[in-house]
Amino acid sequence: MLQAARYLLGSPGASGFGSKSTAEEVTAACPDLGSLTAIITGATSGIGAETARVLAKRGARVVIPARSVKAAEDMRARILAECPGADVLVLHLDLSSLASVRAFASRFLSLGLPLHLLINNAGKFSHGQLALSEDGVEMTFATNYLGHFLLTKLLLGRMVETAAATGVQGRIVNVSSSVHGWFSGDWADYLQLVTRRKIPYDATQAYAVSKLANVLHTKELAARLQEMGADVTVNCVHPGIVRTRLNRDREGLVTDLVFVLLSKLLKTIPQAAATTCYAAVHPRLAGVSGRYLADCNEALPSPAAASRREAARLWQASEDMICASSSQPDRKICASSSQPDRNI
C-alpha cells in the first residue's frame, strides 16, 4: 500500500527521484556528457527517442540504430532542430536478424569510435499469430532479447577498451518491464513448445518471457564483468507503464477506456525515460551493477529473475542460438560455449 501511494504521489526514494521524475531532471546533475558515445536501440519513438533526445541535449554523441533508416533520420532531424550542435549518427539494424546485428556491429566498430553507453531499449509486442525470425526464433524473444544479447557481446570489447583508455566507466542498460514477473514457468520449455506449435501462442506470455530474459541477462553479465575486472557495469530497468507505440497498436474503445480510467497510473514519456537515463549517466550509480531499477530506485525483480542458475542457463542457450544462426560463426563468439563461466 505504501509503495502504491508513493508511486501515485511521485514521492522520491533513496535516490532523490521517484515515479514523476523526468529524464531531464535526473540528468541535471550531469549537464555535460560531451565526452560520451551512446548507442540507443529503439530510439525512433517513445522512451528510446526521449532518451536519445535528452542525452544528445546533454552533449553525448548518440548512435541510433534502426530497422527504418528513414525513421531514424527523422529522429536525427528532430534532435538537431532542438540541439543544432548535436552529434547524431544513424545506422541500419534489424534486431530480429542476427545477421543484421553482426553487420551493424561490424559497421560501428569499423568507424573507430569509442563506446561508453549501450542502452538496449528496443521492444516489440507481437500481435496475432506466432511469428518466427529468419533464424527460427520466436519473434518477440528474438527482437527484445536475443538480438540485444548478441549486440552486447559484439560491442563489449570496445566498451572495455574505451573504459580502460578514458578512465570513464562504461554502462550497459537493459530495458525490461515488470511484466517479466507474469511468467514463472520454464522459459526454455516454453520457447521450444511455442516454436514447434505444441501450445497455443500467447503474445503476452511471449513478451513476459523476453522481458524475463532481459533481467536474467543483466544478472549473468554483471557477474561475468566482475570476474573479468572490466570497468563496465550493467543494470536493468522497468520504465513504468506508458502509452507508447508498443501499446498504441492495440487501439479500440475498450483499450481507450482502460487507459482513461488508469491515467493516473500511466507515465508520460519523459517520466518513463527517467529510469533509463538515471541508470545510464547518474553519478550515484557509479560502480553499481547487476541491479533492477524502477522509478529511479533499486527494486526487487521476480523470484524467477533472481536465480543465477537460470541466468547461466539462459546465457548458454543464447550462445547456442547465436552460433547456430551463422554458417560461419565467429570463433570468439562460439568459443565461450565450451567455457560458459569464464567468457563474455
Side-chain angles (χ1 to χ4, degrees), residues 95-99 101-102 120 122-126 129-154 156 172 174-225 227 234 236 238 290 292 300-326 329-330 333-344:
L95 280 163
S96 73
S97 163
L98 297 178
V101 174
R102 290 186 175 98
N120 293 322
K124 175 184 179 64
F125 189 104
S126 296
Q129 298 181 341
L130 169 69
L132 301 181
S133 72
E134 66 183 40
D135 303 295
V137 180
E138 190 278 316
M139 188 63 79
T140 305
F141 189 83
T143 305
N144 295 359
Y145 166 69
L146 192 61
H148 284 126
F149 174 86
L150 178 58
L151 181 67
T152 302
K153 193 172 187 67
L154 294 172
L156 190 58
I172 300 167
N174 289 331
V175 178
S176 182
S177 166
S178 61
V179 173
H180 81 270
W182 294 9
F183 185 85
S184 58
D186 187 298
W187 53 266
D189 285 349
Y190 174 80
L191 288 172
Q192 184 177 64
L193 290 171
V194 77
T195 301
R196 295 180 178 180
R197 293 179 168 83
K198 299 293 186 181
I199 58 175
Y201 181 70
D202 184 319
T204 301
Q205 283 287 283
Y207 183 74
V209 169
S210 73
K211 297 289 104 178
L212 172 61
N214 293 147
V215 186
L216 291 172
H217 177 214
T218 302
K219 188 175 187 67
E220 182 67 12
L221 180 56
R224 290 172 181 245
L225 287 169
E227 290 174 7
V234 57
C236 193
H238 164 53
Y292 176 76
L300 291 176
S302 72
S307 169
R308 175 73 195 276
R309 176 181 173 277
E310 285 303 303
R313 180 173 171 238
L314 174 65
W315 187 287
Q316 185 59 53
S318 303
E319 294 279 8
D320 293 342
M321 283 186 271
I322 63 174
C323 289
S325 72
S326 175
D330 186 299
I333 296 174
C334 295
S336 60
S337 294
S338 60
Q339 297 179 340
D341 293 331
R342 295 295 176 187
N343 294 276
I344 298 294

d(Arg197 CZ, Gln129 CD) to nearest 0.5 Å is 8.5 Å
Can you tell me how far apart OH (Tyr145) and CH2 (Trp187) are? Round to the nearest 0.5 Å. 7.5 Å
Steps toward side-chain contact (heavy atoms from CB on, under 4.5 Å) verdict (His148, Val175): CA-CA 10 Å; His148 284 126; Val175 178; over 6 Å; no
Ala99: side chain to side chain contact (heavy atoms under 4.5 Å, CB included) partners, not counting sequence neighbours: Ser97, Glu134
Nearest atoms (heavy-atom pairs only) where Thr218 meets Cys236: OG1-CB, 3.4 Å
Just how far is it from atom CG of Leu130 to atom CD1 of Ile199, taken to the nearest 0.5 Å? 10.0 Å
All heavy atoms of Ala206 vs all of Tyr190, minimum pair found to be N-OH, 3.4 Å
Side chain of Asn120, backbone of Thr152: donor and acceptor closer than 3.5 Å? no
Provide the full list of salt bridge (charged side-chain N to carboxylate O under 4.0 Å, His left out) pairs with a residue in residues 201-212, sequence neighbours left out, each pair given once. none
Atom pair CG/CG of Leu151 and Leu156 - distance to nearest 0.5 Å: 10.5 Å
Only counting residues at least two apart or in another chain, list the ones meeting side chain to side chain contact (heavy atoms under 4.5 Å, CB included) with Ala304. Leu212, Ser302
Give, for atom NZ of Lys219 and atom CG of Leu314, the distance between the pair rounded to the nearest 0.5 Å. 13.0 Å
Quick one about Thr140 and Ser210 (side-chain donor to acceptor, distance below 3.5 Å, no hydrogens or angles considered), yes or no? no
Distance, nearest 0.5 Å, that separates CD of Glu220 from CZ of Arg309: 12.5 Å
Residues in side chain to side chain donor-acceptor pair (under 3.5 Å) with Gln192, at least two apart? none
Looking at Ala305 and Val215, what are the two nearest heavy atoms and their distance? CB-CG1, 3.6 Å
Looking at every heavy atom in both Met321 and Leu98, which two are closest together, and how far apart are they? O-CD1, 4.2 Å
Does the plane of the ring in Trp315 sit parallel, tilted or perpendicular to the ring in His217? Use 30° and 60° as the thresholds. tilted
Under 3.5 Å: donor-acceptor pair, side chain of Asn214, backbone of Asn144: yes
Partners passing salt bridge (charged side-chain N to carboxylate O under 4.0 Å, His left out) against Asp186 (at least two apart in sequence or in another chain): Arg313
Given Pro301, Ser178, Ser176, the one that forms side chain to side chain contact (heavy atoms under 4.5 Å, CB included) with His238: Ser178
Taking side chain to side chain donor-acceptor pair (under 3.5 Å) as the test, write out the residues that go with Ser96, two or more places apart. Asp94
Give me the atom names and distance for the closest heavy-atom approach of Thr143 to Lys124. OG1-CD, 3.8 Å
Run the side-chain contact (heavy atoms from CB on, under 4.5 Å) check on Val137 and Thr195 step by step: do they pass? CA-CA 7 Å; Val137 180; Thr195 301; over 6 Å; no
